[in-house]
Every structure is written in structure tokens, then in C-alpha cells.
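Below you'll find the structure, written out as C-alpha cells, and then a few comments.
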Protein chains: 2
Amino acid sequence: MKIATYNVNGVNGRLPVLLRWLKESQPDVVCLQELKCPQEKFPVKEINAAGYNAIWKGQKSWNGVAILAKNYEIQQVQNTLPGDEEDVQSRYIEAIIDQKVICCLYLPNGNPYPGPKFDYKLAWIKRFKRRTNQLIKMELPAILIGDFNIIPTELDVYKPEKWVDDALFRTEVRKAYMELEKKGWTDSIRKIFPKEQIFTFWDYLYHAYDRNAGIRLDHILLSPYLTPQLKNAGVDKYVRGWEKSSDHAPTWIELE
Amino acid sequence: MKIATYNVNGVNGRLPVLLRWLKESQPDVVCLQELKCPQEKFPVKEINAAGYNAIWKGQKSWNGVAILAKNYEIQQVQNTLPGDEEDVQSRYIEAIIDQKVICCLYLPNGNPYPGPKFDYKLAWIKRFKRRTNQLIKMELPAILIGDFNIIPTELDVYKPEKWVDDALFRTEVRKAYMELEKKGWTDSIRKIFPKEQIFTFWDYLYHAYDRNAGIRLDHILLSPYLTPQLKNAGVDKYVRGWEKSSDHAPTWIELE
DNA sequence: GTACGTTGCG
DNA sequence: CGCAACGTAC
């Protein structure tokens with residue numbers, strides 16, 4: 001079973017690219033982030049026509065997350081991250097697919113640091129940890145998947161010294177990521193490629209993709225129960241080179 | 001010799017449509033209106049690559065006119081309508097091509113009526129008449145061609161009663177058009193099709209093209225000396241049906 | 001650099 | 001409805 005995450009940066013503007021990638025890559029489950037469209041403008045017709053069921057949580061202009069599945073039923077569990085009724089940003093959707101809990105997230109960017117946006121990021125992470133700790137405690141087969149907006153280690157960025165005060169690389173958020181791993185969550189890409197430099201995002205500016213000036217932001221974390229089933233993982237880096245592509249590349253795992 | 005006018009409604013956004021039409025229709029001379037680009041952003045490279053020389057007068061965001069010619073030299077005469085130094089709108093360009101004076105115009109729309117925009121339209125028409133009267137007096141072979149933003153008669157609009165107080169159909173501007181004809185200018189389309197209902201514009205709204213709810217705004221008027229050479233005239237209506245088309249259709253004549 | 005919302009214009 | 005400009009977020 002192939003499970004992927006893709007920050008599309010606008011699902012309607014990106015539809016040709018998304019459909020092409022779906023066709024070529026044939027994932028069973030896909031988590032999308034940054035739909036950038038209100039609930040009623042999600043292109044469900046075209047997604048269905050491509051063979052995928054979908055659930056999604058939209059929002060005008062920003063954020064927005066979705067889960068797609070081919071030949072699997074999608075049982076929605078949550079469409080917000082529990083713990084803050086005031087939070088109106090569409091950044092979390094959770095479903096059960098093929099007996100697994102799929103937690104699709106678009107974690108706040110948090111820039112500029114310091115400031116209220118960074119504070120919001122830390123508060124969001126705190127709420128997220130409560131949810132993930134529950135999943136561990138319940139010993140559920142679960143997957144945390146999406147755009148974490150966290151660069152986990154120095155290996156995951158082309159020039160670490162440039163990023164020390166960036167909200168994506170601040171010690172606070174890297175520590176939070178490490179704590180997830182300590183709790184038992186396994187970083188799939190690092191499990192398969194322990195030492196290799198792998199990126200999932202290249203800025204649109206300054207020809208970052210041509211210079212391979214990338215960072216790793218999109219992660220797929222497996223609960224202890226699922227980790228032994230990890231067969232393979234990868235990034236469809238070539239998609240970033242397509243015309244009119246997102247600034248992220250699709251990232252995926254294969255479970256047996 | 002085939003001479004055409006086309007209000008492109010944004011020359012850069014419309015470039016694929018324009019180039020396709022140029023290739024299929026092979027006009028010798030083309031007058032464009034509503035370039036909607038500053039002087040330096042006119043796509044001269046692509047136009048040249050399609051085989052056309054060009055002169056143009058651009059303006060940021062609005063208006064803008066151009067004259068293109070294939071296998072003919074373009075001798076620019078004016079790039080503003082004489083008579084008002086204060087007028088900064090790019091609505092007029094005049095050139096000599098193959099011994100003919102080509103006056104390419106984008107006459108002000110003038111809506112809403114009444115108001116300062118309508119007043120500007122009337123003032124512009126007054127200045128335009130001075131120019132055209134000079135051309136008649138000098139007995140030059142001349143062509144007034146472009147988007148006149150004037151519906152000449154009731155035959156030229158799908159539902160005349162809806163347009164009585166529209167600046168495109170007000171008696172003041174229709175009278176001005178009739179006066180041009182009295183001075184000796186010949187409406188090419190009407191010369192070839194005296195009684196037929198012919199449109200050159202269909203609004204983007206309310207599926208106007210599908211309902212053929214059109215109007216005739218784009219005109220090609222010939223000076224007395226040239227009128228006997230008129231062989232044919234027409235509107236490339238099908239172009240309005242293309243994907244991402246302008247709200248106007250190309251309009252053309254053939255001179256022998 | 002790219003996408004989306006808004007505004008101005010027609 | 002659709003183009004172009006501008007502001008904003010990333």
C-alpha cells in the first residue's frame with residue numbers, strides 16, 4: 001500500500017499537475033495540504049474522475065487539507081485538531097482507511113520568529129502532541145503525515161547556518177519533532193535513508209530547485225505498530241521540475 | 001489586401017489566441033486595441049516571429065493600440081490623437097502602409113451615461129472628426145479602423161430597447177457616426193451586407209455568445225478614394241468561440 | 001516566484 | 001466574466 005503526502009500550494013491552480021502525478025504514481029492514499037480553496041470549491045469531480053474518493057476541509061485563500069483514497073473507504077474521524085475551539089484554520093483532518101488512522105496535517109509555518117505566528121505554531125504543536133500521545137497510548141496503527149513545516153536536523157537543509165533563526169529550524173520545533181520520535185513515532189524517510197540528504201521543498205525564488213537548495217519539511221511518521229510494515233519510502237523529486245509545479249514535491253511510503 | 005481589426009482585451013493574456021488567428025487568417029494588416037500593457041511589455045518578439053512588423057502605443061493596465069503588417073513597411077504618422085495635450089490615454093495610432101493612411105482607434109466606451117466619461121467620449125469624437133475631416137479634405141486614401149464603441153443602428157444590436165441609455169447607443173454618438181458617413185466615409189460591413197445583422201462583440205457575462213446576444217462595435221470605414229476597391233468584408237465570429245477568447249471578434253476587409 | 005483576493009474597468 | 005494591478009502570504 002502506497003501512501004503519499006503532497007503540499008499542492010493551491011489545489012485548483014495545481015489540478016493538471018496533481019492529476020498527472022496521481023496517474024503516473026498511482027498512490028493508494030494521498031494527503032494534500034494548502035488547498036487554498038473554500039470547502040465548496042474543492043475539485044471533487046475531477047478527483048473522483050481520476051478514481052479517488054476524497055474528504056477535505058477547505059478554507060478561503062489559505063490552508064486546507066484533504067485525504068484521497070483509491071479503492072478504499074475513507075472514514076472521517078476529525079476535521080479539526082482538537083483542543084482549541086477558537087482556532088479556525090483548516091490544518092488537520094483525520095480518517096480511518098484500511099484499519100489505519102491517517103492524520104493529515106499542515107503545521108503552521110511560524111515565521112517570522114519571534115512573534116505571534118511562532119507562538120501559534122508552538123501552541124498548535126502542543127495540541128498536536130496531545131492527540132498523538134493518545135494514539136500511542138491506545139496502541140493504534142497510525143500515521144502522522146503532511147507538511148510539518150519542521151526541518152528535523154542539519155542533514156535536512158542545504159545550508160543550516162542560514163536557517164538558525166527561521167521558524168522552520170528553531171530549536172523549539174526541532175525538539176518537538178525529536179520528542180515525537182522518542183514517543184515511538186518513526187520518520188519513514190530516515191528509516192529507509194539514515195544518512196542521505198533528502199529534500200521535499202525548494203523555494204520558487206532564486207532558482208532554488210536548479211541549485212538543489214532545498215529543505216525537508218514533509219514527513220510520514222509511523223506508530224510503533226506500523227513501523228515493521230515499512231517497505232520503502234521516497235520523494236518524487238522530478239515532479240518539482242514540472243511546469244507550474246508546487247514548491248513541494250510528493251513524498252511517499254510503501255507498507256506491506 | 002486583407003486588413004483587419006481586433007480588440008484583443010489584453011495582448012499578453014491573449015497571445016496564444018492572437019497568434020493562432022494570425023496564422024489561420026493571414027491578414028496583411030492588423031489593428032489591435034486594448035493591449036492593456038505598458039509600452040515595454042508589448043510581445044514584439046512573438047509578433048515578429050509570426051512574420052509581422054509592428055508599431056504600438058502602450059499604457060499600463062488599460063487601452064493601448066497597435067498596427068501590425070506582414071510584408072509591408074509601416075510608417076508611423078501619429079501615436080496620439082491630435083488636439084489635446086492633456087489626454088494621456090493610448091487610444092490612437094496612425095500609419096502609412098502601402099500608400100494608405102491607416103487610422104487605428106480605440107474610442108472611449110463612455111459608460112456610465114450621463115457623466116464625465118461620456119463627456120470625454122464626446123470630446124474625443126470631436127477631436128477625431130477634426131482629424132478625419134482633414135483626411136477627407138486632403139483626398140487621401142484612408143481607413144478609419146478599430147473599436148469605435150458605437151452601435152451605429154438598431155440593426156446592429158440584439159435588443160435595441162435595452163440599450164437606449166447606454167453610452168454605446170446614445171443618439172449623440174450614433175449621430176456622430178452618421179456624420180462620418182455623410183462626409184464620405186463608407187462602413188465596409190454595411191456596404192457588403194446592407195441588411196444583415198452582424199455582430200463583433202458578445203459580452204462575457206450571461207453566456208451572451210451562446211445566445212448570440214451581440215452588438216456591432218468594430219468598424220472599418222473607407223475614404224471615398226478607397227471605397228471602389230472594397231472587394232469583401234466579414235467578421236471571424238468563430239474566434240469568439242475559442243477557449244480564452246476576447247469578448248470581441250476580428251473584423252476584416254479585402255481591398256483589390 | 002507563485003497563487004489567491006480585491007479593485008478598476010468594460 | 002475576464003484582464004491587469006496590487007497586496008499578502010509563504
Side-chain angles (χ1 to χ4, degrees), chain A residues 7-18 33-38 41 58-64 89 91 106-113 115-118 120-121 147 149 166-168 201-211 213 215 217 240 242-248, chain B residues 7-18 33-38 41-42 58-64 89 91 106-113 115-118 120-121 147 149 166-168 201-211 213 215 217-218 240 242-248:
Chain A
N7 178 321
V8 287
N9 189 14
V11 72
N12 283 305
R14 202 73 61 217
L15 200 54
V17 165
L18 173 61
Q33 302 86 36
E34 283 208 80
L35 304 179
K36 289 187 171 178
C37 73
K41 291 246 180 95
Q59 178 184 338
K60 195 163 88 168
S61 301
W62 292 299
N63 311 315
Q89 299 189 25
R91 295 181 171 279
Y106 174 49
L107 208 142
N109 177 295
N111 276 309
Y113 166 85
K117 296 199 174 183
F118 190 72
Y120 173 66
K121 181 175 193 168
D147 178 358
N149 270 317
D166 192 286
L168 307 181
F201 170 95
W202 297 260
D203 207 300
Y204 286 126
L205 290 83
Y206 317 122
H207 304 241
Y209 182 67
D210 300 332
R211 297 183 294 120
I215 55 185
L217 296 181
R240 179 62 178 83
W242 289 356
E243 278 293 295
K244 300 216 127 227
S245 96
S246 169
D247 39 7
H248 293 251
Chain B
N7 178 320
V8 288
N9 190 12
V11 70
N12 283 303
R14 201 73 61 216
L15 201 54
V17 165
L18 173 61
Q33 301 86 37
E34 282 208 80
L35 304 179
K36 287 186 171 180
C37 73
K41 292 246 180 90
F42 183 79
Q59 177 183 338
K60 195 162 89 168
S61 299
W62 294 300
N63 311 315
Q89 300 190 24
R91 295 181 172 277
Y106 174 50
L107 207 142
N109 176 294
N111 276 305
Y113 167 85
K117 296 198 173 184
F118 190 72
Y120 173 67
K121 180 175 195 168
D147 178 358
N149 271 316
D166 192 287
L168 308 181
F201 170 94
W202 297 260
D203 207 302
Y204 286 125
L205 290 83
Y206 319 122
H207 305 250
Y209 182 67
D210 300 331
R211 298 184 293 119
I215 55 185
L217 295 181
D218 302 275
R240 178 62 180 83
W242 289 354
E243 277 294 293
K244 302 216 128 229
S245 95
S246 169
D247 39 7
H248 293 250

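Predicted model, so just to flag it, every value in this text is computed and none were measured.
To the nearest angstrom, C1' of D:dG2 lies 17 Å from OH of B:Tyr209. The distance from atom OH of B:Tyr106 to atom C1' of D:dC3 is 11 Å, rounded to the nearest whole Å. In this entry the distance linking CG of A:Leu205 with C1' of C:dG1 reads 5 Å, nearest Å. In this structure, B:Asn63 places its CG atom 13 Å from C1' of D:dC3, rounding to the nearest Å. Atom CH2 in B:Trp242 sits about 18 Å away from atom C1' in D:dG2, given to the nearest Å. As a whole-Å value, the separation of A:Asn7 CG from C:dG1 P is 20 Å. Atom CD in B:Gln89 sits about 11 Å away from atom C1' in C:dC9, given to the nearest Å. Rounded to whole angstrom, the span from the CZ atom of B:Arg91 across to the P atom of C:dC9 amounts to 12 Å.
The two residues A:Ser246 and A:Asn7 have their closest heavy-atom pair at OG-O, 2.6 Å.
Mapping A:Tyr206 and A:Pro38 onto DNA chain C via the closest heavy atom, the residue that lands nearer the 5' end is A:Tyr206. Of the two residues near DNA chain D, B:Lys60 and B:Asn9, the one whose nearest nucleotide lies more 5' is B:Asn9. Comparing A:Asp203 and A:Asn12 against DNA chain C, the residue whose closest nucleotide sits nearer the 5' end is A:Asp203.
Distance from the side chain of A:Arg14 is smallest for C:dT2 among the nucleotides D:dC1, C:dT2, C:dC4. Closest approach to the A:Lys117 side chain among D:dA9, D:dC3, D:dC1 is made by D:dA9 (side chain taken as heavy atoms from C-beta onward). The nucleotide whose nearest atom lies closest to any side-chain atom of A:Trp62 is, among D:dA9, C:dT2, C:dG10, D:dA9. Out of D:dA4, C:dT2, D:dC3, the shortest distance to the side chain of B:Lys244 is found at D:dC3. Considering only the side chain of B:Lys36, D:dC3 comes nearest among D:dC3, C:dG1, C:dC4.
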One pair to check against side chain to side chain donor-acceptor pair (under 3.5 Å): B:Asn9 and B:Lys36. What are the steps and the verdict? CA-CA 7 Å; B:Asn9 190 12; B:Lys36 287 186 171 180; 2.8 Å; yes
Derivation of the side chain to side chain contact (heavy atoms under 4.5 Å, CB included) call for A:Gln89 and A:Trp62: CA-CA 8 Å; A:Gln89 299 189 25; A:Trp62 292 299; over 6 Å; no
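A:Tyr204 places a side-chain N or O within donor-acceptor distance of the main-chain N or O of A:Asp247, the cut-off being under 3.5 Å. Under a 3.5 Å cut-off, the side chain of B:Asp147 and the backbone N or O of B:Gln33 do not form any donor-acceptor pair.
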